[in-house]
Amino acid sequence: MKRRDLIKLLEKNGWKFYRNGGNHDVFIKENKAEMIPRHTEIAENLAKAIIKRNKLK
């Protein structure tokens, strides 16, 4: 999955960009944080896990 598509999906579901980490960007929503790696292509298994863990639609 493309990184920008995953970020659009997060933002559509209310997640906000919080800060840059070493190799990740951090997004927050309420009291949760999600680390998104800074690769142009994110492994399909990782993308599915992030989507499932946060119940993204």
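Bear in mind that the values here come from a model prediction, so they are computed numbers and not experimental data.
The 12-atom threshold is not exceeded at CZ of R4, counting heavy atoms of other residues, nucleotides or ligands nearer than 6.0 Å.
Ion pairing between E41 and R3 fails under the 4.0 Å rule for side-chain N and carboxylate O.
Between atom CE of residue M1 and atom CD1 of residue I7 there is a gap of 11.0 Å, rounded to the nearest 0.5 Å. Note that the CD1 atom of I36 and the NE2 atom of H24 stand 8.5 Å from one another [nearest 0.5 Å]. Atom CH2 in W15 sits 11.0 Å away from atom CG in L6 (nearest 0.5 Å). Note that CG of N23 is 7.0 Å distant from NE2 of H39, once rounded to the nearest 0.5 Å. The structure places CG of L10 at 8.5 Å from CD1 of I51, a figure rounded to the nearest 0.5 Å.
Not counting sequence neighbours, the partners of N20 by the side chain to side chain contact (heavy atoms under 4.5 Å, CB included) test are F17, D25, R38.
K29 contributes no side-chain N or O that, together with a main-chain N or O of N54, makes up a donor-acceptor pair within less than 3.5 Å.
In terms of heavy atoms, I42 sits closest to A47 at CG2-N, 4.1 Å. Here the shortest heavy-atom pairing between N13 and K57 reads ND2-O, 3.5 Å.
Under the 4.5 Å side-chain heavy-atom criterion for ILVMFWY residues, no single connected hydrophobic cluster contains both M35 and I50.
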